[in-house]
J.: 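Before anything else, here's the structure in question.
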Amino acid sequence: MRRVVVTGLGLVTSVGANVRESWDALLRGKDGTGEITSFDTSMYKVHRACEVKKLNSNCHPAGKNRYTVYECLYASTKEALGDSGLIGYKDLDPERIGISVGTLAGELTIFESELRDHPQRKSDGFSMDVVLSYPPMTLSTQLAEQFGIEGPNIILINACSSGNHALCWAFDILQEGKVDIMVVGGSDVVPQTEFTHFHNLKALAPERCQPFDKNRQGLVVGAGAGVLILETLESAKRRGANIYAEMKGYGLSSDGYHMTAPHPQGEGAIRAMTLALDSSELSYRDIDYISAHGTGTPLNDKMETLALKTVFQDKAQDIPCSSVKSMIGHTMGAASAIESVVCCLVIKKGAIPPTINYETKDPECDIDCVPNQARELEVDFALNNSFAFGGNNASIIFGRV
Amino acid sequence: MKKRVVITGIGVISPLGLGHQEFWNNLIQGKSGLSPITSLDVSNYPCKKAGEVSGLRPADYLGDKGLKYLTKGTKFLACATKLALEDAGLNGNNNLPQHAGIVVGSALGNYSQTTDYTYDILRYGPEKLLPMDSYDVALNSSINFASVFFKLKGPSRTVSSGFTSSTDALGNAFNLIKSGRETLLISGGVEQISLDSYLIFLMQRLLAGSQDSEPEISTPFDRKRNGFILSEGSYVFILEELESARLRGAKIYAEITGYGTSYMGSRRYSIEERVKKAAKAMALTLEDAGLEKESLELICANGNSSKLVDLVEARAINAFLGERSKEVMVSSIKSQSGECYGASGAMQMTSCVLAMHNSTIPPHTNYQKPDPECELNLVSQEKIEKNVKNAMVNSLDYTGNCSCLLLEKKSW
């Protein structure tokens, strides 16, 4: 089996338009939450989200940025490819580079804005703009087109663990040797439709996201994209690429329990983390940092704490376990990809981003969530958790090379 | 040590029938599942036909409870899964292995219900909508529901790669078992006809009869073909690791021996290049299985009556087979079944497995005018009795992948 490493990173978040800006902001504990500008929220009880305000690249030379899912994905892909030294790199077989991308709802905002501008019935037809962006697959085919990537091409739709699923998919085919390099990521923006869905489920916090806090009131929806260049160690060495971390292994599971609520004892989460440790051939004692799913909903954080205690036993309260969702919101299909980027940066830079907005201890969430202040720490192994709605769990472990 | 992967159950909800028996009987009799669309008002549009699922009573499969808020697609998938589990002898509470998972392909999933929900938000206001109104409107919620309903503890994954979605899902499930990660996976595809899917394909002029002068007919590889006819349904398989299947004495239909994929979607590619890419996917699949071309007897083609894709596929098959193209039979069932887009690979695989199982290749109906550019060893208008040991399933998405699966009939 081939070893799989990370050689490039790209980020677009509400706190920064690239990796450097986002990382600095995350370590400073910057809150990306603000009043929603992309649609009218006067009919809602909640008015805030973590929207993306700036993109460093424009993939439509003629037009200005519309902050679509593809534009965020494009910007972070461009950054990641550049970071890994692949842009302009000559000695590559484009068929040995593939793409796997996770998203929750594809380009729903394109459809929404058309509908707002031209209220109509569905039977009146769609504009070609909607027609051509409607199938989720168009995200990865556009990416292939724009960067001349000709290997396997896939979209994974697994709600809020989509990004991690995309990484697992890529990991498997790299390990097998079917490809040398995979562009892997997740991207989502804030569609009114998803906002309404979470709003009406009463899953949204009114002001801010407070993971693991006793008074946490829910999640804050966020926009963003995270992209990682995964590569076989062999290929990375051959081209002398900078290596951030190694992807050691992963675990997938389902709760098989409920369409929206997590399993109360975290059965599925426990299995995902355990499988991730097993497939990485690591013990729970080896893990130095956990990027929590930590959505800030009462149910998730309680369940996640319980699951962490089961898996990490005596070490559960010692391992720093923070949630960047406190700063950049829940970016849905992008969340676990962004948090995987964070894990790689944690390993490379020796620093841990905090969980901000933390004020009141919750006896049911008695873990070290790195409250409010970033921390310097040498991390050899980091675990990234994602536990999506519907009980769709994916945990990944990254390690120092 | 690589594990071997076998098919032990099949579940079908299709316009050609409910359950794989009915689907197969109609298929070999040359019956058509295509008829005037009833679920949508298409009076303002040129294309009137589709392959719709009819006569499905989900409560007969799933019980009465909790069905009210489910979409059509979610019901298709849950019913097909139920049938597949029954067929595999895994129905009942304690029969399913503890960590069974589900990997399903769908190009559009429940997206039409997502956009319906969007319409409702803008039309009525968010405060008028209930939490249950968005219970089953996520792209992947059909798969989530199946995982909750059947209490699956293994992975649940929705693969969306356009028309190759279910082929890529089956290929992924095959790899997950082969590598020893999983021992039992439910895998296949699901699609539902909606105004969205109809319009998306109509507006790209991909449907048969979308231009006035052309007939609305599905006739793969025929000179008169001018587009596909949309269909819906769900095709689900139980995939198991060979040893554990044998241990429980399961009936085994066939073994999946290979999967291969290549990207042929780039706008930069000429037809010749696409042909090369598609032929490469076929060759990769054969290589994955470690099989010689000489052993291949049947190709269950993508052939969906589309002008361009059929041409690319026919030329790719010939390029791939070389000398063997005179002997390897090519079967397309889409004249009867229509194009079930993201679920098509699973639909073709159903036909392929049953053809091997019953030693019969279904007929190629509607075929009248051979296209000199699509010269293939096609099955005739009548079914053919033939023992097939090794067969390939092809999936092509003109803007995406060409993905293939290889199957082998085994008797244990």
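Excluded from the calculations below are hydrogen atoms, water molecules and symmetry mates; all remaining heavy atoms, backbone and side chain alike, are included. Remember, predicted model here, so these are calculated numbers, not experimental data. Letters go in sequence order (proteins before strands), and every chain restarts at 1.
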J.: For A:Thr103, is it the side chain, the backbone, both, or neither that has a heavy atom closer than 4.5 Å to a heavy atom of chain B?
T.: neither
J.: Using the ring of each side chain (for Trp, its six-membered ring), is A:Tyr44 parallel, tilted or perpendicular to A:His199, with breaks at 30° and 60°?
T.: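 Perpendicular, since the angle between the ring planes exceeds 60°.
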J.: Using non-hydrogen atoms and a 4.5 Å limit, figure out which bit of A:Ile99 sits close to chain B: side chain, backbone, both or neither.
T.: neither
J.: So, do A:Met182 and A:Ser100 sit near enough that their side-chain heavy atoms are less than 4.5 Å apart?
T.: yes
J.: Using heavy-atom distances under 4.5 Å, tell me whether A:Asp124 contacts chain B through its side chain, its backbone, both, or neither.
T.: backbone
J.: Report which part of B:Asp168 has an atom under 4.5 Å of a heavy atom belonging to chain A: side chain, backbone, both, or neither.
T.: both
J.: For B:Tyr117 and B:Tyr135, I'd like to know if the aromatic rings sit close, meaning centre-to-centre distance below 6.0 Å.
T.: no
J.: Where does B:Ala107 contact chain A at under 4.5 Å (heavy atoms): side chain, backbone, both or neither?
T.: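 Backbone only.
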J.: Need one label for A:Phe126: side chain, backbone, both or neither, based on atoms under 4.5 Å from any heavy atom in chain B.
T.: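 Its backbone and side chain both get close to chain B.
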J.: What part of A:His258 gets closer than 4.5 Å to chain B, counting heavy atoms only: side chain, backbone, both or neither?
T.: backbone
J.: Between A:Lys178 and chain B, with a heavy-atom cut-off of 4.5 Å, which part of the residue counts as in contact: side chain, backbone, both or neither?
T.: side chain
J.: So what's closer than 4.5 Å to chain A heavy atoms on B:Leu152: side chain, backbone, both or neither?
T.: backbone
J.: Can you say whether B:Asp196 sits under 4.5 Å from chain A via the side chain, the backbone, both, or neither, judging by heavy atoms?
T.: both
J.: Checking B:Leu176 against chain A: side chain, backbone, both or neither under 4.5 Å from a heavy atom?
T.: side chain
J.: If you round to the nearest 0.5 Å, how far is OG of B:Ser403 from CG of B:Leu170?
T.: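 One gets 10.5 Å once the value is rounded to the nearest 0.5 Å.
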J.: Side chain from CB out, backbone as N, CA, C, O: work out which of these in B:Tyr45 comes under 4.5 Å of a heavy atom of chain A, or both, or neither.
T.: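 Side chain of B:Tyr45 only, per the 4.5 Å heavy-atom cut-off to chain A.
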J.: Side chain, backbone, both or neither: which part of B:Thr399 has a non-hydrogen atom closer than 4.5 Å to chain A?
T.: backbone
J.: Is B:Arg268 close to chain A through its backbone or its side chain, or both, or neither, when contacts mean heavy atoms under 4.5 Å?
T.: both
J.: Heavy-atom distances under 4.5 Å only: say whether B:Asp41 touches chain A with side chain, backbone, both or neither.
T.: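 Answer is neither: B:Asp41 stays 4.5 Å or more from chain A.
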J.: Using heavy-atom distances under 4.5 Å, tell me whether A:Phe198 contacts chain B through its side chain, its backbone, both, or neither.
T.: neither
J.: So for B:Ser141, is it side chain, backbone, both, or neither that comes closer than 4.5 Å to the heavy atoms of chain A?
T.: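 Contact with chain A involves both backbone and side-chain atoms of B:Ser141.
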J.: Please assess B:Tyr398 against B:Tyr269 for the test ring pair (Phe, Tyr, Trp, His ring centres under 6.0 Å), listing each intermediate value before the final yes or no.
T.: CA-CA 11 Å; B:Tyr398 198 67; B:Tyr269 293 156; over 10 Å; no
J.: What part of B:Ser112 gets closer than 4.5 Å to chain A, counting heavy atoms only: side chain, backbone, both or neither?
T.: both
J.: A:Asp172 versus chain B, heavy atoms under 4.5 Å apart: side chain, backbone, both or neither?
T.: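 Interface part for A:Asp172: side chain.
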J.: With a 4.5 angstrom heavy-atom cut-off, could you sort out which part of A:Ile149 is near chain B: side chain, backbone, both or neither?
T.: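 Backbone only.
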J.: Sort A:Phe195 into side chain, backbone, both or neither according to what part of it lies under 4.5 angstrom from a heavy atom of chain B.
T.: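 Neither part.
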